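Structure record follows, encoded as structure tokens.
Note on naming: letters A, B, ... go to the chains in the order of the sequence lines (proteins, then strands), and numbering restarts at 1 for each one. Being a predicted model, the structure only gives us computed values, none of them experimental.
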Number of protein chains: 2
Amino acid sequence: MSTEKEVTIYDIARKLNISSATVSRALNDDPVVSKKTKQKIFDLAEQMGYRTNLFARNLRNNRTNTIGVIIPRINSFFMSSVISGMEKVANQSGYNLIISQSSESVEKEIKNVKTLYNSRVDGLLVSLAYDTIDTSHFDVFFKMRLPLIFFDRVVEHEHATNIIIDNRKKAYEATQHLIDQGCRRILHVTAIPRQTVYVERLAGYKQALADHNIKFKEDYVIINDLSHRAGIETAAIIQAMNTMPDAVFVSNDDCAIGCMIALKKAGIRIPDDIAFVGFNNDPISTIVEPNLTTIDYPGYEMGVVAANNLINHLHLNGVAPIHTTNTIIIRSELIIRASSLKRK
Amino acid sequence: MSTEKEVTIYDIARKLNISSATVSRALNDDPVVSKKTKQKIFDLAEQMGYRTNLFARNLRNNRTNTIGVIIPRINSFFMSSVISGMEKVANQSGYNLIISQSSESVEKEIKNVKTLYNSRVDGLLVSLAYDTIDTSHFDVFFKMRLPLIFFDRVVEHEHATNIIIDNRKKAYEATQHLIDQGCRRILHVTAIPRQTVYVERLAGYKQALADHNIKFKEDYVIINDLSHRAGIETAAIIQAMNTMPDAVFVSNDDCAIGCMIALKKAGIRIPDDIAFVGFNNDPISTIVEPNLTTIDYPGYEMGVVAANNLINHLHLNGVAPIHTTNTIIIRSELIIRASSLKRK
DNA sequence: TAAGTATATACAACCGATTACATATTTTTT
DNA sequence: AAAAAATATGTAATCGGTTGTATATACTTA
């Protein structure tokens, strides 16, 4: 075994006594090259173990066939499903994915944008960090007319497409479902309503209450980081209340389950004393007892749609500017399980 | 807003009336360039919004600062943790990660290797697909002396480093623990012992039985794909047995939990009738009731170690050939929870 | 001050593919 | 058989950095 020198089109050209231009054309299947020559070139390339030097190509073409992805964190069921979907689509279309995590911090997100910009990705798929409000760090992309798609945690932007689910409607449905079960004191546990997702969910929750003549109470909204641990803490808060709620609608399954388990340990019956609805439809929602009612948030599909959309746009190459489609709403669904069924 | 032309070192050189070579050297902080000139160049580069063209650089340097990752599937807790760890390390060292999924198929894996090879990744981090036995598709990498690290699903190879946990020992401990709890009819549910991981676990299981004078029975080993669904099917098999086992040691939490829940539904008490031990320490193992005894498999750490190792090797640039370290064993641990505690 | 050394900058080739344009070869038409 | 058209191939510039070598300038030293 020894390090082999890379084979170039020049090597092939020399051996066949033809010009490198012809080799290049042949390898790109240019119809202008005769079938005979093409075959010779293909065969020799194969035999010599030729592989395109993508830098040389990209340097000329000024395209990388690479898509940048920025997400808060990869290791949740939802996010890894999204990535899985994106990877599949990208791979099929000959694109590579460069994934970077913002770890929920704007600073890191800004750094990531810079890195990906310098890596000359052809476009960007982004789910915003927890505390991103100002999005001017993406301006470099808009300036260079590079397509950008936000998904899940999005922000309205004239030059970007958003891919989301109808958070308001689903939150409405979740709340209404609880009301239908006879609940009246419904708590909403969510993250700071800074990101649209949470604003919308809160709005849906409020609307459902209003539509059923239930008065909205400020202290029935609990704000935390939606972690499992936060769920446990929320359980303590609930137990300390004068009148306990009869239902809790949480913006994420992890947190919902943390809370549910803690309450169960304290002897509170789910759903009889307190009904629960989560959000995301993580696999854990079917493991916990009772199984958690939740909103199915199709991560894989979201990843597929986001990547497809970006790649389509890249192929149209500016023919259809990205702001023609502004928002894509993915189908999502309330899945009713035992944790919220008071009336069997 | 308008598409801006990219700024090159030539633009900077022209404006400052110096040569592009000096600009290039200055931007790479070459000590041969005077401080004054450097400052001028830095300032102008900043002001003009210069960014390095990585293709041009890579074309010259023949390095990409990119690491390829091939995994069976990203959307499991374990794998996404691994990736998370890799991404963190890579990002810190200025490397990009290109992740591709083999979807547990050799064919796809072969395709991925080719793609990554053509993308000129500097090295490869690989966890093998379910049915990969022959690994000759990695030969191109060895041939070009590109470093390759296997993790989790590994294969012995003279030129690759393996990063694993001590599967045999941990399986031994898990089995011994069950024996200590008084179990004697211990079932082992695992994948086809084709990949070392499963071979080792099976070996550890057998060894523990042997060391405690329990006769190994061929039909106490159940082979499936370790999915949740497979767990449910396994529950049916167990119930159909003449004498049911008093313990089950499963090679993965997902499958263990599927089986456990199905048995519970059938009225079998866990752990009193049948004790359970899983593998991986997925978050679900603390959600299910009773909580699942399992082996903590530190994915994040594994990702960190794998990426660190590869990058170290890249920086040493052949000084330390990769086969000097052949195997790295990550610490892992049996975590005892209620699902296996017969003696409280 | 002249020679010698150190420091700073410039020149130009190079990495490997792409492609507009020029030229050569073959085929078709008259 | 000559001209026209169609087809196939070649020439050379280009993308934007990097770097070995040459040259120019400043600083020591004798």
Does the distance from a Lys or Arg side-chain N to an Asp or Glu carboxylate O, for B:Glu104 and B:Arg153, drop under 4.0 Å? yes
Taking any heavy-atom pair under 4.0 Å as a contact, classify A:Ile18: base, sugar-phosphate, or nothing. sugar-phosphate
Students often get this wrong, so: under 4.0 angstrom with heavy atoms, is A:Val33 touching a base, only sugar-phosphate, or nothing? sugar-phosphate
Which residues within residues 10-17 of chain A lie with some heavy atom under 4.0 Å of an atom in DNA chain D? A:Asn17
How about B:Asn96 and A:Ser119: does a side-chain donor come under 3.5 Å of a side-chain acceptor? yes
Answer yes or no: is there an ion pair linking A:Asp43 with A:Lys40, defined by an N-O contact shorter than 4.0 Å? no
Does B:Lys114 come within less than 4.0 Å of B:Glu109, counting only side-chain N to carboxylate O? no
Just the rounded figure in Å: distance from P of D:dG17 to CG of B:Asn65. 16 Å
Could you tell me if A:Thr22 and A:Ser19 have a donor-acceptor pair between their side chains, going purely by distance under 3.5 Å? yes
Output field: ring centroids B:His159/B:Phe141 closer than 6.0 Å: no
Pick base, sugar-phosphate or nothing for A:Asn58, based on heavy-atom distances below 4.0 Å to the nucleic acid. nothing
Separation of atom CZ in B:Arg57 from atom P in C:dG16, rounded to whole Å: 18 Å
Grab the CG-P distance between B:Asn61 and D:dG16 for me, whole Å please. 17 Å
At under 4.0 Å between heavy atoms, what does A:Ile9 touch on the DNA or RNA strands: base, sugar-phosphate, or nothing? base
Please report the distance, rounded to the nearest Å, between CG in B:Leu54 and C1' in D:dC15. 14 Å
Could you tell me whether A:Ser24 contacts a base, only the sugar-phosphate backbone, or nothing, with contacts defined as non-hydrogen atoms closer than 4.0 Å? base
So does A:Arg25 reach the base of D:dG10 with its side chain, donor to acceptor, closer than 3.5 Å? yes
Give the nucleotide from the list D:dG17, C:dA17, C:dT19 with an atom nearest to the side chain of B:Arg60. D:dG17
